[in-house]
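Note sheet for the following structure.
Per chain, numbering begins at 1; letters A, B, ... match sequence-line order.
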2 protein chains.
Amino acid sequence: MPDNAVTKRRGRPPAIGREDIIRAALSLLGPQRSVATLTLREVARAAGIAPNSFYRHFPDIDALAVCLIERAGSTLRRIIGDARRSLERPDSVVRMSMEIFIEQLDADDGFLPLLLREGHVGSDAFKQAVEAQLCHFEDELQQDLLRLSAAHGFVVDHPALAARAITRLVFVMGTQALDQPPAQRRQLVEQSVVMLRMIIDGAQRPQTQAATLP
Amino acid sequence: MPDNAVTKRRGRPPAIGREDIIRAALSLLGPQRSVATLTLREVARAAGIAPNSFYRHFPDIDALAVCLIERAGSTLRRIIGDARRSLERPDSVVRMSMEIFIEQLDADDGFLPLLLREGHVGSDAFKQAVEAQLCHFEDELQQDLLRLSAAHGFVVDHPALAARAITRLVFVMGTQALDQPPAQRRQLVEQSVVMLRMIIDGAQRPQTQAATLP
DNA sequence: CCTGTTTTTATACGCATGTATAATTAATCT
DNA sequence: AGATTAATTATACATGCGTATAAAAACAGG
């Protein structure tokens, strides 16, 4: 058996685990705080350990940030994906998906703000982690687009690109919503729905260069 | 005459002007460097002045950042707008505009990377400055959309939202291109063109909720 | 109980930052 | 020439950071 969780080890047992540090880091991240601004000492302080003890659990602060991003991404993908697949009436899937997405801005876990606050700044490992999560979002959306199109008998011309356009636009609008009060968020949802439907409509007929501007 | 440029003042003349500080700041900003990471001492060092002298020209480092963002925005809007208006064949305006945009990633002034690196992090004044520039981009694009649609006899259903969707998507894709080698950038342009045409196509017929997914 | 092993901690160093204070410099005005 | 005025500078302080080093603490095996 390799590496059991309750393996008896030799030396002094860890007073804390990776999970505790992650929790401490999350407790520091409000909706306005970016992961990139977390410092090693700050996280250690919140976790109740000495600064140097951090290194026993993560090689550096970037590794923690990447870990947080990955966790946020996979959690959100499950939430959003489940919601999307549970929607039956296809004519409301756009609006409902967008509303659910925006609702996640206020979720207790704070995962969506975490992901949105990292534009494209920070270390390389950092940006790649965010980008990877966005690509996963795109992949799953593409699958759902194909599923919906097959079930309702319409075509999607460039499903991967349609999924990309939708994903990127949703995240950009979500980022904008992050700094807005609820009232403005509502009309941002309305605007987003219209914009998303433009993409979906436009993806439903094949493009000829001459046809795009008649 | 109020406040002439060559006004004789009383005390010791400034050894340096706002412009020099702006130049110094720009010299520090490579394509990978975010404005938010500039420090007061660093800029002062590059400008050849003592740290405290900075305060004679800007109230704080954020004011300089906002100034840089505004300058980058207005310069780019002129470049992009001029290019768009100089394009005559409407069937290639999308591709050409996108290509010109991406070319600006390597422009000497470095204004586009400057704007792209500021996702939505930093101080409020900061984010608002970026957002304001994006809104200006949207406004000008909307005008051009209306001009083109009038000239070629087609309709754009929600011109403001179409302009917003296009602008935000272009900026997101540009941000992605920022970290890519030329080869990947070329296919990113191709993908972007397809996505943008989806939006434009989708904006050309009015949306009914039932019609979006037949 | 002693030894080895591993984690944790305390202490400390060097560095960079923003900014407060007072002195210095260079110009104009009387 | 001397006073005035404004910009620059030198010096210094407190803060926070990452991390290097060595000592202390908590466990298992002998």
For this session: Scan B:N52 against the nucleic acid and name what it touches under 4.0 Å (heavy atoms): base, sugar-phosphate only, or nothing.
Result: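 Touches a base.
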
Exercise. Which part of the nucleic acid, if any, lies within contact of A:I61, taking any heavy atom under 4.0 Å across all strands shown: a base, the sugar-phosphate backbone alone, or nothing?
Worked result: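 Here A:I61 touches no strand at all.
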
Does [X] put a side-chain nitrogen or oxygen below 4.0 Å from OP1 or OP2 of [N]?
X     : N      : answer
A:S53 : C:dT7  : no
B:H57 : D:dA6  : no
A:R56 : C:dT7  : yes
A:R12 : D:dA25 : no
A:R10 : D:dG30 : no

Problem set entry | Candidates A:R77, A:R147, A:R78, A:R84 - the one meeting salt bridge (charged side-chain N to carboxylate O under 4.0 Å, His left out) with A:E140 |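 Exactly one candidate clears the test, A:R77.
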
Problem set entry | Value in whole Å for how far the P atom of D:dA10 lies from CZ of B:R45 |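 Answer to the nearest Å: 14 Å.
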
Exercise. To the nearest Å, how far apart are A:R41 CZ and C:dA10 C1'?
Worked result: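 Taking atom C1' of C:dA10 as the reference, CZ of A:R41 is at 11 Å.
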
Exercise. When you check the gap from the basic side-chain N to the acidic O, do A:R168 and A:E131 get nearer than 4.0 Å?
Worked result: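 Salt bridge present between A:R168 and A:E131.
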
Exercise. Any side-chain donor paired with an acceptor under 3.5 Å for A:R33 and A:T37?
Worked result: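 There is such a pair (donor and acceptor under 3.5 Å, judged by atom type) between the side chains of A:R33 and A:T37.
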
Exercise. Which comes earlier along DNA chain C counting from the 5' end, the contact point of A:I49 or that of A:G11, where each point is its nearest nucleotide?
Worked result: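 So the residue in question is A:G11.
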
